Protein chains: 2
Amino acid sequence: MLAVDEAGSNRSVVTQLRAYLAQATLPEDGRLPAERDLSAVLGVTRTELRKALGALEAEGQIWRHVGKGTFMGNRPVDTLSDIAALSKRTNPAELMRARLIIEPEIARAAALTATPMHLAELRMCQARTREAATWRQYETWDTRLHRTVAEATQNTPLLGLFDMLNALRRAVTWGRLRSNPVKPEPDHHSFTEHETIITAIENRDMNGAAAAMRTHLQSVERNLLARQSSEAD
Amino acid sequence: MLAVDEAGSNRSVVTQLRAYLAQATLPEDGRLPAERDLSAVLGVTRTELRKALGALEAEGQIWRHVGKGTFMGNRPVDTLSDIAALSKRTNPAELMRARLIIEPEIARAAALTATPMHLAELRMCQARTREAATWRQYETWDTRLHRTVAEATQNTPLLGLFDMLNALRRAVTWGRLRSNPVKPEPDHHSFTEHETIITAIENRDMNGAAAAMRTHLQSVERNLLARQSSEAD
DNA sequence: AGATCCGACCAATTCTAAATTGGTTGAGAG
DNA sequence: CTCTCAACCAATTTAGAATTGGTCGGATCT
């Protein structure tokens, strides 16, 4: 009934559990048997086992989750890399801040590594956006242009990050489509801004590419805010 | 039997299909009924319908995928945001290049937005890494320190990108764990480098924070290469 | 003959229901 | 009082059925 006694009885199970963990060969992911099974193997009550597991969890040796199981090692940080979950916790303004931080650096890297093939595709996308008869077509080629910049870095992880930002953008902007059905006007700001970006990349001007991309995104942001304020547009 | 006749018969189904698409109210994701159902609704053969769908797909109005269905709009770019798929197409060197591009910018942003709470947590993580008795513990707090920098940006998408990079790192490094069981030495390069990063963030020195983070990552990279060359270590 | 229709089948994907898992509660035994 | 045991709960995984676009071969019609 004394605290010492409780600790004592628990400690024996804990040590027994520690011995088991040291000896057992558990699967790649470090998952150990279910509590019901493990209690049978160790010949202890589930209640007892759970106390011992609780102790090990408290000292960070293991981590548990309902429906998943009990695992050895550090609990993995709950990764926010899920687009759907992420899109619910953010907003267009925050997303634009992230884009302003990331995409200029992607453009900078692209200026260093772009191949003639990439440059040709950039030029083609630029031409297609000018020819676009509808906003749908414009956005198709605009998206591809920006993705080509990311591809030009020739860096797979970087391209993955860019895709994630893009997926987020679609998820966040979801619902409020472009209300304006007319096609983009020939003096749309994006045309000259795209031109500046592509030229900088062609000239291997890393700082110029980053600056041009930043300017472009700020321009897009200004446009979004303007459209938001005048609802009808 | 002439080519014109074929085109003529197809065109009628195509126009019928176009009319249906213009009139029908399809779900949020733009998915239209299954071919077997749609053919019944339009009163045409599935073969005929498929020809018409093929035409519309060719001109980019719709896109199809086995098991998924047929959808209106542009085919979504096959996003590389899947960690597992991504980790197979990349390598540690490429990943480190991406980190060198992204993480300094995260540190720069953090220097601008970090709250006293974040600074306190950074200091705590730094202390914990110094106290670490094993590499496992060291890595736990090192990881948390770097994530706190990302949290300090107070930007959800940016934090998501950071988590994605981290998940990638774990996936790519998978298999070759740290072979050295001894604890980190007191003069480990990371200690002073972390100190420089945290100090810069405390001083709201954005350029300093970015530079310190870049230096730190380059140091880690050097370390990795050295360990790789001397396999035994 | 030759195109078309029809049914069946295939592989990729989604949907659904059962099984599993850690966490919790309450009655009863010691 | 404490511990045990069984049942239950919600989160998660798993496995199998159902669905979907794509394909093939024989039957049918022109």
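This is a predicted model, so every value here is computed, not measured. Residue numbers begin at 1 in each chain, while the letters A, B, ... track the order of the sequences.
- Listed pair T45(B) / dC6(C) meets the phosphate criterion, a side-chain N or O lying under 4.0 Å from OP1 or OP2.
- Identified under the salt bridge (charged side-chain N to carboxylate O under 4.0 Å, His left out) test for residues 37-46 of chain A, with sequence neighbours left out: E35(A)-R46(A).
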> Where along nucleotides 16-23 of chain D does protein come under 4.0 Å, by heavy atom, of base (B) or sugar-phosphate alone (S), with - for untouched nucleotides?
Replying inline: ----BBBB

> What does nucleotides 25-30 of chain C look like as a protein-contact string, B for base, S for sugar-phosphate only, - for none, at under 4.0 angstrom between heavy atoms?
Replying inline: ------

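- Taking 4.5 Å as the limit, some side-chain heavy atom of Q126(B) sits within range of a side-chain heavy atom of T129(B).
- Remark: R18(A) engages E59(A) in a side-chain hydrogen bond (donor to acceptor under 3.5 Å, both in side chains) (not counting sequence neighbours).
- Between the C1' atom of dA12(C) and the CH2 atom of W63(B) lies a distance of 13 Å, rounded to the nearest Å.
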Can you list, pair by pair, the side-chain donor-acceptor contacts under 3.5 Å of residues 112-119 of chain B, counting residues two or more places apart and other chains?
{"residue": "T113(B)", "atom": "OG1", "partner": "A109(B)", "partner atom": "O", "Å": "3.2"}
{"residue": "T113(B)", "atom": "OG1", "partner": "A152(B)", "partner atom": "O", "Å": "2.6"}
{"residue": "T113(B)", "atom": "OG1", "partner": "T153(B)", "partner atom": "O", "Å": "3.3"}
{"residue": "T115(B)", "atom": "OG1", "partner": "M117(B)", "partner atom": "N", "Å": "3.4"}
{"residue": "T115(B)", "atom": "OG1", "partner": "H118(B)", "partner atom": "N", "Å": "3.3"}
{"residue": "T115(B)", "atom": "OG1", "partner": "H118(B)", "partner atom": "ND1", "Å": "3.0"}
{"residue": "H118(B)", "atom": "ND1", "partner": "T115(B)", "partner atom": "N", "Å": "3.2"}

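- Residues forming a side-chain contact (heavy atoms from CB on, under 4.5 Å) with E105(A) (at least two apart in sequence, or on another chain): R108(A), I101(B), E105(B).
- In this entry the distance linking CG of D29(B) with P of dT13(C) reads 16 Å, nearest Å.
- Geometric assessment of R130(B) against the ring of F191(B) yields a positive cation-pi assignment under the 6.0 Å and 45° thresholds.
- Taking the side chain as every heavy atom from C-beta outward, F71(A) and P76(A) never approach each other to under 4.5 Å.
- Under the 4.5 Å side-chain criterion, counting only non-hydrogen atoms from C-beta, N91(A) is not in contact with T156(B).
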